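What follows is a single structure, written as structure tokens, with notes after it.
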Amino acid sequence: MGRLHIASWLLASSLCVSAPAQEGDPTVPQETPDVRMPAGDAARGIPMPTGTFDQEVYRARRQRVMEQLDGDVAVVFGATSIGTHGAQDADFYYLTGLAQETGAALVLAPSEPVHKEFLFLRGIDPEQNRWNGERAILGRGIELGTGFARVYRMSRLGGVLALTGVHAEEFVFLGPIVGYDKPIPKALQVSKDASARLPGVSVRMDHRLLRRMRQLHDEAELDLMGQAIACTAAGLEAAMCNVRAGMSEFELKQVIERGFRDAGSRRNAFDSIVASGPNGAVLHYPDDGRLMQAGELVLCDVGAEIEHYASDVTRTFPVSGRFTPRQREVYEVVLRAQQAAIDATRAGVRLREDIHQAARHVIEQAGFTDDFFHGTSHFVGLEVHDAGLADEPLPAGTVITIEPGIYLADEALGIRIEDEVLITEDGCVVLTEAIPRSIDAIERLMARCNSHVSAPTGVSP
Ligand code: GLY
Ligand code: MN
Ligand code: MN
């Protein structure tokens, strides 16, 4: 529980004296913004929430975090650079909507008397501006653009943590937790450093708070995830319709990703896996140079992204459009395992104990115990392996994958089937249902749209 106003005199101390005049007196209630966002050139360089959500959505999420902080202070850092897939730190993005801003941080301090949330942006470097574009100076435009009443430069983070820390009993590290061989997360290090300078103020961990919030998706998020899945469906169907013997894995990857782009996805949620023949037995096969052969399978584990929301689907299908008897036999086991896991999925069950075990049981019964060596499910959301609480009963509103596989390296055969499901009170909805999954559905689609494939018995091409 935070302490109120223990050292309010500090607000007038030298830390505040150095504040630029525009930041005002933090003890004066915030006025309702009465200035419109600057338009056109005047708005250049002002960070704004991206995606389809209004900044009120992010403000409401921050408010919910603050309600759970028990009066204590939390800091969340953004990514220092935007990575291969353009990913901002997902917690920071979830709470701010600021996708492009690097080197930023957020402080939530519910015990503060007036302003309880603070955004810190990296400083302006005129030489960097020539490389990365101009950035706006602090002012009302940035406050309105970001939805934060208090926006500072990063150089002031230490001072604000000192001020807000004296109104709290603890700094709260919101995670995620990492292994001892990884760098100490910046938020944890900064919280420790700040607490070391405030006798009586300690650091506690609440890595469940954000994970619990992020694993529950509202309608608007589910809509974006559905759009990402529709793009993934377009890519996978294009693959089934265009695959042929002699084509390289890379060419098929291009077909899939072109399908994503044409359907409206600007980015992949992760690096596409297109693994033919023996490569299908390598779980995260990283290359794509092999030429596909008639008679073998190709495993495509891919996902498009829409406005920072991921999708993740795997389909394994025959290069020449028809499964061989052995491929059919193994595929049917994986499909039954997946269906058993889907049937076991509803609110209140557990990922490992219930869903994974349901899939595992079918695969073991079929004699493939050692050929399924990974988990069955993970959360999906802003990240492909999204935040969630895997050790708690699953609540309705959570999206997970169900992705059993059988990998037979000595038969040059690997089969994985991966779908996304939305957990409901009494079951689950397979969000990726429209993407052909059964042997029959795959063979029929391939016969209909791939001119190199002959029709299964009784089907006119
Ligand atoms: N695409 C990676 C995975 O399925 O977890
Ligand atoms: Mn997956
Ligand atoms: Mn996958």
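Side chains are part of it too, since the values below use all heavy atoms of this structure and drop only hydrogens, waters and symmetry mates. Predicted model only: the values in this text are computed from it and were never measured. For ligands, and for the atoms within them, numbers begin at 1 and follow the listed sequence. For reference, positions follow the sequence shown, starting with 1.
- The minimum distance between the Mn ion (ligand 3) and any N, O or S atom of Asp312 involves atom OD1.
- Assignment of Val384 to the shell around ligand 1 is not supported, since no heavy atom sits closer than 4.0 Å.
- Taking OG1 of Thr102 as the reference point, atom CZ of Phe92 lies at 9.5 Å (rounded to 0.5 Å).
- Nearest to atom 4 (O) of ligand 1 by heavy atom, out of His284, Glu403, Arg416, is Glu403.
- Under the 30°/60° scheme for interplanar angles, the aromatic rings of Phe372 and His374 are found to stand perpendicular.
- Shown in contact with Glu418 at under 4.0 Å from a heavy atom are these atoms of ligand 1, numbered in order with element: 4 (O).
- Separation of atoms CZ (Phe270) and CG (Asp301) is listed at 4.5 Å; rounding is to 0.5 Å.
- Annotation: the span from Phe148 atom CZ to Leu121 atom CG amounts to 9.0 Å, rounded to 0.5 Å.
- Ser320 contributes a side-chain N or O that, together with a main-chain N or O of Gly295, makes up a donor-acceptor pair within less than 3.5 Å.
- Ring pair Tyr152/Phe120 is tilted by interplanar angle, where 30° to 60° counts as tilted.
- Among the backbone and side-chain atoms of His385, no N/O/S atom is found under 2.8 Å from the Mn ion (ligand 2).
- The protein heavy-atom contact nearest to atom 5 (O) of ligand 1 is His385 NE2, 2.6 Å.
- Our summary of the site lists the angle at the Mn ion (ligand 2) between OE2 of Glu403 and OE2 of Glu418 as 80°, to the nearest 10 degrees.
- Interface atoms of ligand 1 facing Phe270, defined by a heavy-atom separation under 4.0 Å, are 1 (N).
- Residue contact annotation: Asp301 places an N/O/S atom under 2.8 Å from the Mn ion (ligand 3).
- Proximity annotation for atom 3 (C) of ligand 1: of Thr314, Thr401, Asp312, Asp312 comes nearest, heavy atoms only.
- In summary, the aromatic rings of Tyr407 and Phe373 are positioned with their centroids under 6.0 Å apart.
- Annotation for ligand 1: atoms under 4.0 Å from non-hydrogen atoms of His378 are 3 (C), 4 (O), 5 (O).
- A salt bridge is defined here as a Lys NZ or Arg NE, NH1 or NH2 lying under 4.0 Å from an Asp or Glu carboxylate O, and Arg211 with Asp386 fails to meet this definition.
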